Engineer: 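What follows is a structure written as structure tokens; I'll ask about it next.
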Amino acid sequence: MGIDTIAEILTSIRNANMDGKKVVKIPSTNITEKIIKLFLREGFLENVRKHQENGKYFLVLTLRHGKTKKICFMNILNLKRISRPGLRIYSKSKKIPRILGGIGVVILSTSHGILTDREARLKGIGGEILCYIW
């Protein structure tokens with residue numbers, strides 16, 4: 001794992017989805033677990049489980065599939081990393097962007113933890129924009 005773990009997990013999920021794989025294995029950290037739980041809750045993933053190999057923990061993600069179970073259902077159209085270690089992007093609660101008119105999801109790191117854009121607007125808090133999913 002490099003410096004930017006969030007970009008690496010987004011790239012792993014994007015590549016597996018484009019390649020038609022149904023299972024992705026990513027290293028487990030506190031922030032990746034919270035982001036993956038949001039993906040699961042928003043319906044972008046089918047299942048998540050924690051796995052241990054050689055004393056290291058991994059998250060095994062099962063991507064959503066279509067009716068045939070052979071072809072990966074392209075429900076994750078785009079994953080985009082916004083704030084990065086070299087350039088942090090922050091937003092106030094009233095200026096959090098809406099992706100595709102509210103269809104997409106913005107993941108934020110706030111003082112109340114990792115939240116989606118809808119949750120942050122309801123609580124009236126802003127934060128660092130981590131990524132967009134649509």
Side-chain angles (χ1 to χ4, degrees):
M1 296 280 307
I3 297 172
D4 194 5
T5 58
I6 297 170
E8 290 180 8
I9 65 165
L10 293 177
T11 302
S12 297
I13 293 171
R14 186 184 312 113
N15 288 344
N17 192 42
M18 287 175 21
D19 196 29
K21 294 184 179 180
K22 65 178 188 174
V23 177
V24 182
K25 187 170 89 170
I26 60 170
S28 176
T29 63
N30 289 337
I31 195 163
T32 57
E33 285 183 24
K34 291 175 185 174
I35 291 172
I36 294 302
K37 283 181 186 177
L38 285 178
F39 285 5
L40 183 64
R41 193 172 69 213
E42 292 293 323
F44 291 105
L45 298 175
E46 188 173 310
N47 190 15
V48 176
R49 62 186 165 92
K50 201 167 189 177
H51 181 68
Q52 182 179 6
E53 283 183 16
N54 301 327
K56 294 183 180 181
Y57 287 98
F58 293 93
L59 294 174
V60 180
L61 315 174
T62 306
L63 301 177
R64 282 224 175 265
H65 293 278
K67 295 178 182 177
T68 62
K69 294 280 186 182
K70 291 182 180 178
I71 302 170
C72 187
F73 184 72
M74 297 295 286
N75 65 340
I76 301 178
L77 299 176
N78 204 348
L79 295 161
K80 185 174 182 183
R81 177 78 159 118
I82 301 302
S83 185
R84 49 192 172 88
L87 178 64
R88 303 289 184 185
I89 307 293
Y90 297 95
S91 177
K92 295 180 182 180
S93 64
K94 294 184 180 181
K95 295 194 176 192
I96 297 172
R98 293 185 190 270
I99 306 301
L100 292 178
I103 296 173
V105 179
V106 178
I107 306 289
L108 295 137
S109 176
T110 67
S111 58
H112 293 252
I114 307 267
L115 302 175
T116 63
D117 56 340
R118 291 179 213 105
E119 295 168 339
R121 280 191 200 96
L122 285 175
K123 291 185 178 184
I125 55 176
E128 180 183 355
I129 300 175
L130 297 178
C131 61
Y132 295 158
I133 311 163
W134 73 92

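Computed from a prediction, not measured in an experiment: that's the story for all the values here. Along the sequence shown, residues are numbered consecutively beginning with 1.
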Engineer: Nearest 0.5 Å, please: how far is NZ in K34 from OG1 in T29?
Structural biologist: 9.5 Å
Engineer: Looking only at atom types and distance, does a side-chain atom of T32 sit under 3.5 Å from a main-chain N or O of S28, one as donor and one as acceptor?
Structural biologist: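 Judged by distance alone, no pair lies under 3.5 Å.
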Engineer: Any side-chain heavy-atom pair from V106 and S91 closer than 4.5 angstrom?
Structural biologist: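 Side chain of V106 against side chain of S91, heavy atoms only: no contact under 4.5 Å found.
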Engineer: Measuring from S109:OG to I6:CD1, what's the distance to the nearest 0.5 Å?
Structural biologist: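 If I round to the nearest 0.5 Å, the distance is 7.5 Å.
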Engineer: Drop me the distance from L61's CG to L40's CG, to the nearest 0.5 angstrom.
Structural biologist: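 Going from the CG atom of L61 to the CG atom of L40 covers 9.0 Å.
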Engineer: Enter the distance from E128:CD to R84:CZ here, rounded to the nearest 0.5 Å.
Structural biologist: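 The CZ atom of R84 is 12.0 Å from CD of E128, to the nearest 0.5 Å.
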Engineer: Check whether any side-chain heavy atom of D4 sits under 4.5 Å from a side-chain heavy atom of R81, and report yes or no.
Structural biologist: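 Of all side-chain heavy-atom pairs linking R81 with D4, at least one is under 4.5 Å.
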Engineer: Report the C-alpha distance between R49 and T62 in whole Å, list the side-chain angles of each, state the deciding distance to 0.1 Å, and finish with yes or no for side chain to side chain contact (heavy atoms under 4.5 Å, CB included).
Structural biologist: CA-CA 9 Å; R49 62 186 165 92; T62 306; 5.8 Å; no
Engineer: Using side-chain heavy atoms (C-beta onward) and a distance below 4.5 Å, is K123 in contact with T110?
Structural biologist: no
Engineer: Could you grab the distance from atom OG of S83 to atom CG of L108, nearest 0.5 Å is fine?
Structural biologist: 10.0 Å
Engineer: Roughly how far, to the nearest 0.5 Å, is the OG1 atom of T5 from the CD1 atom of I35?
Structural biologist: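 One finds 7.0 Å between CD1 of I35 and OG1 of T5.
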Engineer: Which is it for E46 and K22 under the side chain to side chain contact (heavy atoms under 4.5 Å, CB included) test, yes or no, and what are the steps along the way?
Structural biologist: CA-CA 10 Å; E46 188 173 310; K22 65 178 188 174; over 6 Å; no
Engineer: Where is the tightest heavy-atom contact between D117 and G104, given as atom of each residue plus distance?
Structural biologist: OD2-O, 4.3 Å
Engineer: For a quick test of reading the model, state the closest non-hydrogen atom pair linking L115 to L38 and the distance between them.
Structural biologist: C-CD1, 4.0 Å
Engineer: With Y132 as reference, evaluate N78, L10, I82 under the side-chain contact (heavy atoms from CB on, under 4.5 Å) test and give the passing residue.
Structural biologist: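 Exactly one option meets the side-chain contact (heavy atoms from CB on, under 4.5 Å) with Y132, and it is I82.
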Engineer: Stepwise, does the side chain to side chain contact (heavy atoms under 4.5 Å, CB included) test hold for L79 with F39?
Structural biologist: CA-CA 11 Å; L79 295 161; F39 285 5; 4.2 Å; yes
Engineer: Give the minimum heavy-atom separation between F44 and R64, together with the two atoms involved.
Structural biologist: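 Minimum heavy-atom contact is O-CG, 3.9 Å.
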Engineer: Can you tell me which residue among N47, V23, N17 is in a side-chain contact (heavy atoms from CB on, under 4.5 Å) with L63?
Structural biologist: N17
Engineer: Could you go step by step and tell me if I125 and H112 meet the side chain to side chain contact (heavy atoms under 4.5 Å, CB included) rule?
Structural biologist: CA-CA 8 Å; I125 55 176; H112 293 252; 3.2 Å; yes
Engineer: Could you tell me which non-hydrogen atom of K80 sits nearest to which non-hydrogen atom of W134, and how far apart they are?
Structural biologist: CB-CZ3, 4.1 Å
Engineer: Mind checking whether I31 and I36 sit in one hydrophobic cluster, side chains of I, L, V, M, F, W, Y counted as touching below 4.5 Å?
Structural biologist: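 The answer is yes; both residues are in one hydrophobic cluster.
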Engineer: Just checking R88: does its CZ atom have more than 12 heavy atoms from other residues, nucleotides or ligands closer to it than 6.0 angstrom?
Structural biologist: yes
Engineer: Could you check if a side-chain atom of T116 sits within less than 4.5 angstrom of a side-chain atom of E42, using non-hydrogen atoms only?
Structural biologist: yes
